[in-house]
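Atoms considered below: every heavy atom in the structure, side chains included; atoms not considered: hydrogens, waters and symmetry mates. None of the values given here were measured: they were computed from a predicted structure. Note that ligands are numbered from 1 as they come in the structure, with each ligand's atoms numbered from 1 the same way.
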Amino acid sequence: MPATAMAFDGVTKQFGDFTAVDNLNFAIPEGCIFGFLGGNGAGKTTSLRMALDILSPTSGRIEVMGKEPSRENAAEIGFLPEERGLYKKMSVLDTIIYFAQLKQMEAAPAKSAAMALLERLELADWAKSPIEKLSKGMAQKVQVATALVNSPKLLMLDEPFSGLDPVNQAMLEDLIAESARNGATVIFSTHVMQHAERLCDRLLMLARGKKAFDGTQDEARAALPSRLALTAKADPSALPGVERTHAGESHDGWTRYEVELQQGIEPDALLEHCTANGVPLRSFDVQVPSLHETFIHFVGADEEIER
Ligand SMILES: Nc1ncnc2c1ncn2[C@@H]1O[C@H](COP(=O)(O)OP(=O)(O)O)[C@@H](O)[C@H]1O
Ligand SMILES: [Mg+2]
């Protein structure tokens with residue numbers, strides 16, 4: 001069992017009468033990429049802020065790398081806040097070095113780490129420019145660099161992809177994957193499923209402050225009934241394990257059917273039945289649900305999220 005990077009135990013946060021985070025329980029193993037998924041107002045930012053000791057829980061316990069949340073852990077944590085903000089007159093390089101020194105790095109290694117990150121983020125030519133000369137996306141990449149400069153063991157990124165164009169989103173995805181390969185635990189929040197789908201080992205789905213799911217992507221998918229598309233001569237409704245079918249196009253006596261299996265029935269079982277009983281089939285394609293579909297299953301379709 002890997003050690004635990006972060007654990008929430010019955011954590012609730014109230015703002016006055018309003019419950020923003022409601023009795024959350026989950027644990028994040030060290031070294032994984034973990035996604036906080038949820039629509040607007042689901043409680044993602046509030047949860048991250050409690051883990052950073054910016055806010056205190058109303059009740060429950062949080063552990064971050066085996067300790068209570070405390071600002072003193074800041075040197076081991078890289079944080080990208082949801083509201084971005086850097087000092088406009090400072091140069092790109094000085095900004096990153098400044099944050100590195102706040103995290104107790106010496107000047108020389110801070111400078112070389114900052115330059116390496118700027119190369120990586122394709123901003124090396126801008127090292128001497130003041131922040132105010134940068135586009136919004138470029139400034140955001142600089143802010144990502146301030147979170148990464150001391151190679152923290154734990155990275156917490158609040159909506160890191162918002163405000164970036166697709167090219168820079170892909171660059172950031174690579175950087176997150178690379179940080180995890182180098183041993184960091186990465187926690188990020190998003191309302192865009194595709195980033196989570198490509199990156200996350202494990203996820204937490206939040207709905208109005210409550211946990212709707214936590215676990216791996218495979219575990220999330222396994223909760224949905226299996227679906228497949230097959231081409232057959234007759235409607236497969238009556239075959240064992242079939243919940244419902246939908247007929248599509250027909251051609252030369254063959255019809256394409258969308259088939260949903262009963263909960264817990266695997267596509268292999270249906271294929272074996274067809275083979276053993278001589279049911280003629282011309283194609284048999286298992287359809288893997290997207291993370292977006294699992295999100296709708298656990299959280300509902302009303303939340304403001306993107307695929
Ligand atoms: N300081 C605060 N005072 C009152 N309500 C707050 C405060 N911070 C957050 N909230 C409310 O808590 C809920 C969760 O917010 P937040 O954690 O920012 O959600 P998310 O990051 O998932 O969009 C929202 O309804 C938000 O309006
Ligand atoms: Mg938020």
Query raised in the report: How about atom 14 (C) of ligand 1: does it have a protein heavy atom within less than 4.0 Å?
Result: yes

Query raised in the report: Any idea which protein heavy atom is nearest atom 16 (P) of ligand 1, and the distance to it?
Result: Thr46 OG1, 3.6 Å

Query raised in the report: Between Asp158 and Ser189, does any side-chain donor sit less than 3.5 Å from a side-chain acceptor?
Result: yes

Query raised in the report: Quick one: does Gly38 get a heavy atom under 4.0 Å from ligand 1?
Result: no

Requested in this report: Report, in ascending order of atom number, the atoms of ligand 1 lying under 4.0 Å from any heavy atom of Ala20.
Outcome: 12 (O), 13 (C)

Report summary line: min-distance protein heavy atom vs atom 18 (O) of ligand 1 -> Thr45 CB, 3.6 Å

Query - Within 45° cone and under 6.0 Å: Lys13 NZ/CZ vs Phe15 ring - result: yes

Query raised in the report: With a 3.5 Å cut-off and no angle check, do the side chains of Thr146 and Gln143 form a donor-acceptor pair?
Result: no

Query raised in the report: Is Tyr257 atom OH crowded by more than 12 heavy atoms from other residues, nucleotides or ligands, each under 6.0 Å away?
Result: yes

**Report entry** Sub-4.0 Å heavy-atom contact, Gly39 with ligand 1
**Finding:** yes

Query - same_hphob_cluster(Ile176, Leu155) at 4.5 Å side-chain heavy-atom cutoff - result: yes

Query raised in the report: Quick one: nearest non-hydrogen protein atom to atom 23 (O) of ligand 1, plus distance?
Result: Gly41 N, 2.7 Å

Requested in this report: Ignoring hydrogens and angles, state whether a donor on the side chain of Thr58 or Gln14 is under 3.5 Å from an acceptor on the partner side chain.
Outcome: no

Query raised in the report: Short list, please: which atoms of ligand 1 are under 4.0 Å from a heavy atom of Asn40?
Result: 23 (O)

Report summary line: Vertex the Mg ion (ligand 2), ends Glu82/OE2 and Thr45/OG1: angle to nearest 10° comes to 110°

Query - Approximate separation, where rounding is to 0.5 Å, of Gln194 CD and His292 NE2 - result: 10.0 Å

Query - Contact check, side chains of Gln287 and Glu293, non-hydrogen atoms, under 4.5 Å - result: no

Query raised in the report: Ignoring hydrogens and geometry, is there a side-chain-to-backbone donor-acceptor pair from Lys103 to Ile77 under 3.5 Å?
Result: yes

Query raised in the report: Identify the closest protein heavy atom to atom 27 (O) of ligand 1: which residue and atom is it, and at what distance?
Result: Phe18 CE2, 5.0 Å

Query raised in the report: Of all the atoms in Thr46, is at least one N, O or S atom closer to the Mg ion (ligand 2) than 2.8 Å?
Result: no

**Report entry** Heavy atom of the protein closest to atom 6 (C) of ligand 1 (residue, atom name, distance)
**Finding:** Phe15 CD1, 3.3 Å

Requested in this report: Report yes if some N/O of Lys44 lies less than 3.5 Å from some N/O of ligand 1; otherwise report no.
Outcome: yes

